[in-house]
There are 2 protein chains.
Amino acid sequence: MANQLRLSIDRSSPVPLYHQVVQGIEAAIHTGLLEPGSRLENEIDLAAQLNLSRPTMRKAMDELVRSGLLVRKRGVGTQVVSSQVRRPLELSSLYDDLTNNGSKPTTEVLTFAHIEADPATREALHLAAGAKVYHFTRLRKVGGKPLALMENWVRDDITHIDEDLLKTQGLYGILRSGGVNFRLATQRIGAMVANDYQAPLLETEPGSALVTMERTAVDDTGRNVETGHHVYRGDSYSFEMTLVQR
Amino acid sequence: MANQLRLSIDRSSPVPLYHQVVQGIEAAIHTGLLEPGSRLENEIDLAAQLNLSRPTMRKAMDELVRSGLLVRKRGVGTQVVSSQVRRPLELSSLYDDLTNNGSKPTTEVLTFAHIEADPATREALHLAAGAKVYHFTRLRKVGGKPLALMENWVRDDITHIDEDLLKTQGLYGILRSGGVNFRLATQRIGAMVANDYQAPLLETEPGSALVTMERTAVDDTGRNVETGHHVYRGDSYSFEMTLVQR
DNA sequence: CATGTCCGTTTGTTAGGACATACTCCGATT
DNA sequence: AATCGGAGTATGTCCTAACAAACGGACATG
């Protein structure tokens, strides 16, 4: 076929071969070298061309199928779905999203305390009675405009947290520096109208629409590290995501 | 170890072996046989106990790791994360969610038309000028209480759709019957306040909070099949999801 | 002409083996 | 006593090999 996937595989690289293939094909799709709808050569030929075994080639394609870039059909072949697919939903923080996006968010710490966890927090973080947590509320602005009002509860047996740290870094960045490897989070997104406390902080009117998000994050040791309740201005924030059928 | 995963593998079943293992371990976790935080035996021993090869065992565990039920650490072992993890976000429709949940949703069709696509719809569905689409608005109730107001645009070259069909089936069910295999969807979730049109239909007050959802769904041939704009009562609906770090 | 059957192609599943790499722990060395 | 290094263990990566199942088109048959 015309599909000349001129990828180069570097066997001396520490990057696994299958991942080099993933990156190569992703790049080919995003640069338009592989057009949406076009068919790839079959797994065996592709593997042969790159001097890889079929399982390795297949593992690479598995990832691309899972992320929604490719579609396979038995007896037919493998197609490129679309070049405009975003990564499926991953665990990231608002701060990460904004900085990746080129914006420069600023953070005001409204309250900060190191207190005994209330029962609801103990439940969410699986803590024993009497355990202490960091509790703080922050206001995040982008370009001087308030965007989010965030209230969080964090275990205190991970790393030290203080007000100054929160002003300059995102919470997830702090926790990652403290050795936390996030694995998963459950979150719930809904809506509410701004009350008299939220409205002035977000520089909007009471009664305007807010997006709410509650999240609890778990690290790779199974600890529930953090739980939070955030509200975002409905006129300037929404959650965008790609769902993939398994 | 004490971990007696007494799974039984049926080699004559059409269900792939690795998937039988996935189901078995999922069941063991949900029934509490495998407790959160407990360590599994190593891959090789588990494979030997079930008379499977290591790659097969590993493929099963791969899926469980991806779905967030297990955590692996090189040189250490594999642990159960938590029993209360939901499936990561999958492509499903509101109707599916409600019926799976045991509720009995009813649907009122407010408007129904087979019209030429407007430019925004053509853009969303990648249609040529002059192409026609089904356009309809529906009101979904559960237990007599309105929950969602849904407006959709659907390609007309897939399957015939009419008002009666929409009253008795979910849109995704209709499309699946028409041979559509959904692959992915991009969606955006936000918030707004109810206007004078929406409020009476949803039996709420103008100014109350609504969750908004815009979605475009793509099938396995790369066609953008459907796009829609839905609003949900904020006091009775929210999107819950599990994010997995890759 | 319509319909059913066979066959080649391509992905799906499974096996078994080999070596690499990261983590933990314990013993040896400084 | 503290620290460094190596053994043991577990997962991570990669390979060869084989058969199963689904799809689509060509072909044969009624």
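Numbered from 1 within each chain, the chains take letters A, B, ... in sequence-line order. Scope of the values below: all heavy atoms of this structure, side chains included, with no hydrogens, waters or symmetry mates.
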Self-check item: Counterpart residues, ring-ring contact (aromatic ring centres under 6.0 Å, His included), relative to B:His135 (two or more places apart)
Solution: B:Trp153

Quiz item: For DNA chain D, which nucleotides open and close the run of contacts to chain A, 5' to 3', at under 4.0 angstrom from a non-hydrogen atom?
Solution: D:dT13 to D:dC23

Exercise. Round to the nearest Å and state the distance from B:Asp62 atom CG to C:dG12 atom P.
Key: 16 Å

Exercise. State which residues pass side-chain contact (heavy atoms from CB on, under 4.5 Å) with B:Asp164; sequence neighbours excluded, sorted by chain then number.
Key: B:Asp162, B:Lys167

Practice problem: In whole angstrom, give the distance that lies between atom CZ of B:Arg39 and atom P of C:dT24. | Solution: 11 Å

Quiz item: What residues, two or more places apart in sequence or in another chain, satisfy side-chain contact (heavy atoms from CB on, under 4.5 Å) together with A:Ser13?
Solution: A:Asp10, A:Val15, A:Gln20

Quiz prompt | Where A:Val81 and A:Pro36 come nearest, the two heavy atoms and their spacing | solution = O-CB, 3.8 Å

Quiz prompt | Charged N-O contact under 4.0 Å between B:Lys132 and B:Glu116 | solution = no

With 3.5 Å as the limit, what N/O pairs link the protein to nucleotides 13-17 of chain C?
residue, atom, partner, partner atom, Å
C:dT13, OP1, B:Tyr18, OH, 2.9
C:dT13, OP2, B:Tyr18, OH, 3.2
C:dT14, OP1, B:Leu17, N, 2.2
C:dT14, OP2, B:Leu17, N, 3.3
C:dT14, OP2, B:Tyr18, N, 3.2
C:dA15, OP1, B:Arg11, NH2, 2.7
C:dA15, OP2, B:Ser53, N, 3.0
C:dA15, OP2, B:Ser53, OG, 3.0
C:dA15, OP2, B:Thr56, OG1, 2.6

Practice problem: Mark yes when over 12 heavy atoms from residues, nucleotides or ligands other than B:Glu123 sit less than 6.0 Å from its CD; otherwise mark no. | Solution: no

Quiz item: OP1 or OP2 of C:dT10 sitting under 4.0 Å from any side-chain N/O of A:Thr78?
Solution: no

Quiz item: By side-chain contact (heavy atoms from CB on, under 4.5 Å), which residues pair with B:Pro16, not counting sequence neighbours?
Solution: B:Tyr18, B:His19

Exercise. Check the pair A:Arg54, A:Asp45 against salt bridge (charged side-chain N to carboxylate O under 4.0 Å, His left out), reporting the backbone distance first and the verdict last.
Key: CA-CA 9 Å; A:Arg54 188 183 162 210; A:Asp45 288 351; over 6 Å; no

Quiz item: CG of A:Asp45 versus P of C:dT10: gap in Å, rounded?
Solution: 7 Å

Practice problem: Calculate the interatomic distance between B:Gln79 atom CD and C:dT24 atom P; express it in whole Å. | Solution: 11 Å

